[in-house]
Amino acid sequence: MFFRPNPRRTLVAALLCLFSHLCFAQQLALSFDDGFNPEAHPGARQWNAQLLATLEARGIQAALFPSLARLGNGAGLELLGAWAQAGHMIGNHTASHRSLAAPEVSLDGFISDVETADEALRGLSTFVPMLRFPYLKEGDTLAKRDGMRAWMKRRGYRPAPVSIDASDWYYNRVYAGHLAAGETGKAGQVKQRYIDHLLDRAAYYDGLARRVLGRSPTHVMLLHTNQLNADALGDVIDALNAKGWRVVPARSAFADRLYDSPPDTLPAGESIIWAQARAAGIPCLRYPAEDAVYEAPRLREAGLIP
Ligand SMILES: [Zn+2]
């Protein structure tokens with residue numbers, strides 16, 4: 001039996017492809033850090049299920065980077081199984097979630113932290129040897145930065161940087177506080193401002209990328225496993241789509257050559273776009289690139305924090 005291409009169907013497919021490229025100018029993948037701890041947060045199992053249900057409903061393959069310290073006493077490890085079962089890639093975010101930029105954290109201590117997490121996570125079916133540095137900090141000295149890069153090369157590890165950084169952890173803290181106080185109206189306003197914040201950061205880092213790289217790469221956005229994302233993810237994806245963003249699988253995003261070009265900066269880390277811009281001498285880059293201090297004044301002005 002021979003398969004004959006149907007000219008009409010081919011034309012429709014070509015038009016659809018062209019249309020989707022016109023509609024979606026930029027691409028990004030979603031990555032989630034930390035993992036849930038059901039012992040610390042009674043809602044963790046439900047939030048985990050909500051995130052996975054939204055990703056499944058949208059047909060999105062994301063990446064998860066768990067840190068053992070954020071999973072509680074093994075209870076959070078169980079929840080990772082559902083991510084693997086759904087096909088999401090799982091990487092390494094260290095055992096104790098320490099910053100390599102902290103002077104008291106040695107290179108050897110950090111490496112053993114990565115190895116401990118590797119042993120605990122490697123058995124998951126979708127595990128990939130990729131490292132997401134806690135706080136996106138990749139070392140405060142050349143010896144630590146380059147020592148870690150050399151270790152990763154020897155051990156077949158790839159870095160898993162983000163290109164779009166944001167402060168979802170801070171919005172989550174404010175959002176959860178309002179919900180706990182029964183202030184659902186205020187929580188809803190925080191959620192809306194959070195979606196605007198992500199759109200703003202996506203546009204900012206894409207603009208910076210076009211300036212530094214001369215192109216729009218396949219971005220990787222940093223998010224965390226938290227209550228706000230569990231509640232808002234569907235709306236976040238809708239808002240991104242409406243602004244011309246297409247969400248692509250995390251695996252294909254990391255294939256972009258951007259993620260294999262370690263920037264020459266110290267302290268090392270932040271968004272890889274930010275670091276490339278710093279290395280290229282682009283002025284007026286704030287440090288840290290993202291933080292609560294930039295977001296709090298807006299929420300205060302709107303009466304959403306004291
Ligand atoms: Zn983290």
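Order of listing sets the numbers, starting from 1, for every ligand and every atom in it. The shown structure was predicted, so the numbers you read here are calculated from the model rather than taken from an experiment. All residue numbers refer to positions in the sequence shown, counting from 1.
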Any donor and acceptor pair, going by atom type alone, linking the side chain of Ser163 with main-chain N or O of Met221 inside 3.5 Å?
-> no

Name all residues meeting the salt bridge (Lys or Arg N to Asp or Glu O under 4.0 Å) criterion together with Asp168; count only those two or more places apart in sequence or in a different chain, and write none if there are none.
-> none

Using 2.8 Å as the cut-off, count the protein N, O or S atoms closer than that to the Zn ion (ligand 1).
-> 3

Who pairs with Asp235 by salt bridge (Lys or Arg N to Asp or Glu O under 4.0 Å), at least two apart in sequence or on another chain?
-> Lys191

With a 4.0 Å cut-off, would you call Arg132 and Asp34 a salt bridge?
-> no

What residue pairs, at least two apart or across chains, pass side chain to side chain donor-acceptor pair (under 3.5 Å) with a residue in residues 52-63?
-> Arg58-Asp238

Ring centres of His219 and Tyr205 under 6.0 Å apart?
-> no

